[in-house]
Each structure stands twice: as structure tokens, then as C-alpha cells.
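Just below is one structure, and these are the notes that go with it.
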Amino acid sequence: MPHLVCGRFQFALNRPLIMGVVNVTPDSFSDGGRSASTPAAVAHARMLLEEGADILDIGGESTRPGAPPVALEQERRRVLPVIEALADCGVPVSVDTQKPALMQEAVAAGASMVNDVNALAAPGALEAVAGTTAAICLMHKQGDPRTMQQDPHYDDVVREVRQFLAARIAAAQAAGIGHERIVIDPGFGFGKTLEHNLALLRELGQFAALGTVVLAGLSRKSMLGKITGRDVGERVYAGVAAALIAVENGARIVRVHDVAATRDALAVWNAVKTLA
Ligand code: HH2
């Protein structure tokens with residue numbers, strides 16, 4: 001079983017981890033505007049900690065379909081004060097960014113993980129993370145947020161996403177990022193139809209077979225709305241079900257907004273499975 005090193009933190013992964021989402025944005029699809037100020041974001045993060053988050057993921061740029069890009073300076077102003085305030089909170093703080101400069105600044109401010117929906121493809125991104133001890137989540141997406149949901153197409157979504165992630169693992173390792181720092185994520189909803197997302201969730205074990213930790217982010221996403229007919233604020237039960245399926249199929253980190261509900265569900269799963 002892979003273990004995970006995030007800076008000074010180590011996880012044996014004998015139980016799945018919960019990554020709680022803190023969006024310091026006015027426009028995130030799931031919770032837009034709720035934590036847009038530094039104090040509100042820090043308070044939200046502390047609530048997620050109390051609810052049982054193992055990792056906190058701080059983002060300052062929405063990646064919802066149609067979202068406009070955010071300038072470096074603005075993203076910096078949104079996330080760095082929150083990361084600084086949480087640096088000693090007792091769990092790893094992750095920065096959700098695609099920008100190499102901010103990756104380095106966030107780690108200097110106290111982040112122990114980088115979560116890049118662009119899988120370190122930006123010029124300088126591999127080097128930015130390699131020069132730290134932070135963990136890295138490499139996510140797959142097709143296209144960019146502005147256009148990605150217009151007409152996603154794959155001949156074989158599971159094979160193509162797996163090949164992409166295997167290549168990004170190899171690139172990260174070639175840049176000097178150790179295996180124990182690498183997390184992969186098929187990127188649910190990032191240039192994928194409902195059928196693509198379901199195929200990826202069903203076959204998540206094929207990603208676990210690549211030998212690195214698998215993260216799944218299904219929380220509140222539109223695929224759950226399509227399945228249940230529910231609005232974004234009413235997808236807690238569907239999200240918990242999706243997180244459980246992901247864990248059952250090999251995910252060892254679930255990225256969620258609804259930490260308390262997910263924690264209880266995973267406690268039941270843990271009690272039954274007790275990973276050795
Ligand atoms: N999903 C979102 C953002 N970042 N990172 C990873 N690794 N995996 C994901 O599935 C993922 C992600 C989108 O969710 P959210 O942060 O709630 O919304 P927004 O991008 O609108 O801020």
C-alpha cells in the first residue's frame with residue numbers, strides 16, 4: 001500500500017483521508033462567496049478541522065465550467081493569508097493552484113501540498129514543486145474550464161486518463177519528485193460527460209494500480225445533480241455515496257465540502273474494512 005509524505009506530515013494510509021475544501025472565491029460552483037474573505041475562509045477551515053478534515057485544500061481560483069481565469073496577484077491575495085493563518089493548524093494545508101509562482105509562495109507560507117488541476121503542465125511548475133518537500137496532486141482535465149464541458153470526447157476515457165496520469169507521474173519523478181509525494185486524480189467533471197465520470201468511478205481501481213495514492217473529487221458536482229435531480233446545496237447524500245464508492249474502488253483521499261457527513265460514512269467503512 002502506498003504511503004504519503006506531505007512536507008513534515010506522513011500518512012500510512014491505513015484509512016482513507018478527507019480533504020476539506022475551502023474556496024476563497026466569490027464564484028465557486030459549490031459554495032461561491034461563502035468564504036471569500038480571509039477571516040471567513042479561516043473560520044470555515046477551522047470548522048472543517050473540527051468536523052474531521054485530515055487535509056485542508058485552499059483555492060483562490062474557481063475551476064467550475066465557464067469560470068474566468070484569475071490574475072496571479074489576486075489569487076495570491078486570496079490564498080496566502082489563509083495559508084499563513086492555518087500553517088500551524090495540525091494538518092497539512094494544500095494549495096489548489098495552477099500557477100508555479102504561487103505554488104512556491106504557498107509552500108513558503110506553510111502549505112505542505114500542491115493540488116494542481118493542470119498536473120504541473122505549466123512552464124516551471126514541475127521545478128517549482130520539485131524544489132520543495134510538498135506532496136503534489138496531479139489531476140487530469142480535458143480542455144480548460146471555459147470550454148471543457150462543451151463537447152468532451154474520448155475513444156476510451158479510462159485508458160486515456162490512465163495513460164495521461166502515468167505520463168505525468170513519470171514527468172514528476174524525472175523532475176525529482178519522489179513517488180511518496182505523488183497523488184493522482186482522474187478529475188471528475190473536468191471535460192467529462194456523466195458517462196465518462198461514471199466509467200472513471202467504476203474503474204478507479206485501474207488508477208490505484210499505477211501505484212500512487214488516488215484522490216477523488218466528486219463532492220456536490222453536477223454529475224450528482226444529473227443523477228439525483230438535486231441542486232448543488234442538496235447533494236450531500238449523493239456526495240457521501242460517491243465518496244464511499246470511490247474509497248471502495250481504491251481512492252485514499254476524498255476531496256469534499258461536507259466533511260462531517262463524509263467522516264461518519266468513512267468511519268463505518270473503516271470499521272468494516274480495517275485496512276492492515
Ligand atoms: N475539483 C474542483 C477543484 N479542484 N482538485 C482536484 N484535485 N480534484 C477535483 O475534483 C477538483 C479540484 C472543483 O470543485 P470546487 O473547488 O468546489 O469548485 P470551484 O472550482 O468552482 O472552486
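Ligands are counted one by one from 1 in listed order, and the atoms in each one are counted from 1 as well.
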Checklist entry - How far is atom 4 (N) of ligand 1 from its nearest protein heavy atom, and which residue and atom name does that atom have? => result Asp96 OD2, 3.0 Å

Checklist entry - Can you list the ligand 1 atoms lying under 4.0 Å from a non-hydrogen atom of Thr63? => result 2 (C), 3 (C), 13 (C), 19 (P), 20 (O), 21 (O)

Next on the checklist: If the condition is salt bridge (Lys or Arg N to Asp or Glu O under 4.0 Å), which residues does Asp231 pass it with, not counting sequence neighbours?
Outcome noted: none

Next on the checklist: I'd like to know if Gly187 contacts ligand 1, where contact means a heavy-atom distance under 4.0 Å to any ligand atom.
Outcome noted: no

Item to check | Any donor-acceptor pair under 3.5 Å from Lys141 side chain to Gly187 backbone | outcome: no

Item to check | Single hit among Ile58, Thr25, Asp57, Val114 for side-chain contact (heavy atoms from CB on, under 4.5 Å) with Asp96 | outcome: Asp57

Next on the checklist: Side chain, backbone, both or neither: which applies to Met139 and ligand 1 if a contact is any heavy-atom pair less than 4.0 Å apart?
Outcome noted: side chain

Item to check | Protein heavy-atom partner closest to atom 17 (O) of ligand 1 - residue, atom, separation in Å | outcome: His257 NE2, 2.6 Å

Checklist entry - Looking at atom 5 (N) of ligand 1, what's its closest protein heavy atom, distance included? => result Asn115 ND2, 3.1 Å

Checklist entry - Take atom CZ in Arg230; do more than 12 heavy atoms of anything else shown fall under 6.0 Å from it? => result no

Next on the checklist: Can you report which non-hydrogen protein atom sits closest to atom 16 (O) of ligand 1, along with the distance?
Outcome noted: Arg255 NH2, 2.8 Å

Checklist outcome for this item: Taking only non-hydrogen atoms of Ser30 and a 4.0 Å limit, the atoms of ligand 1 in range are 17 (O)

Checklist entry - Under 4.0 Å from any heavy atom of Cys137, which atoms of ligand 1 are there? => result 7 (N)

Checklist entry - Roughly how far, to the nearest 0.5 Å, is CG of Asn115 from CD of Gln98? => result 10.0 Å

Checklist entry - Among Arg220, Glu61, Lys221, whose heavy atom sits nearest atom 1 (N) of ligand 1? => result Lys221

Checklist entry - Which residue owns the protein heavy atom closest to atom 21 (O) of ligand 1, what's the atom, and how far is it? => result Ser62 OG, 2.7 Å

Checklist entry - Atoms of ligand 1 less than 4.0 Å from Ser28 heavy atoms? => result 19 (P), 21 (O), 22 (O)

Checklist outcome for this item: ligand 1 atoms nearer than 4.0 angstrom to some heavy atom of Val117 are 4 (N), 5 (N), 12 (C)

Checklist entry - Taking ILVMFWY side chains as joined if any heavy atoms are under 4.5 angstrom apart, and letting links pass through other members, which residues group with Val236? => result Val240

Item to check | Ion pair Asp116/Arg168, N-O distance below 4.0 Å | outcome: no

Item to check | Atom indices of ligand 1, in the order listed, that fall short of 4.0 Å to a heavy atom of Asp185 | outcome: 6 (C), 7 (N), 8 (N), 9 (C), 10 (O)

Checklist entry - Can you check whether Gly189's main-chain N or O pairs, donor with acceptor, with Asn197's side chain at less than 3.5 Å? => result yes

Checklist entry - According to the interplanar angle, ranging from 0 to 90°, do the rings of Tyr154 and His140 count as parallel (below 30°), tilted (30 to 60°) or perpendicular (above 60°)? => result tilted

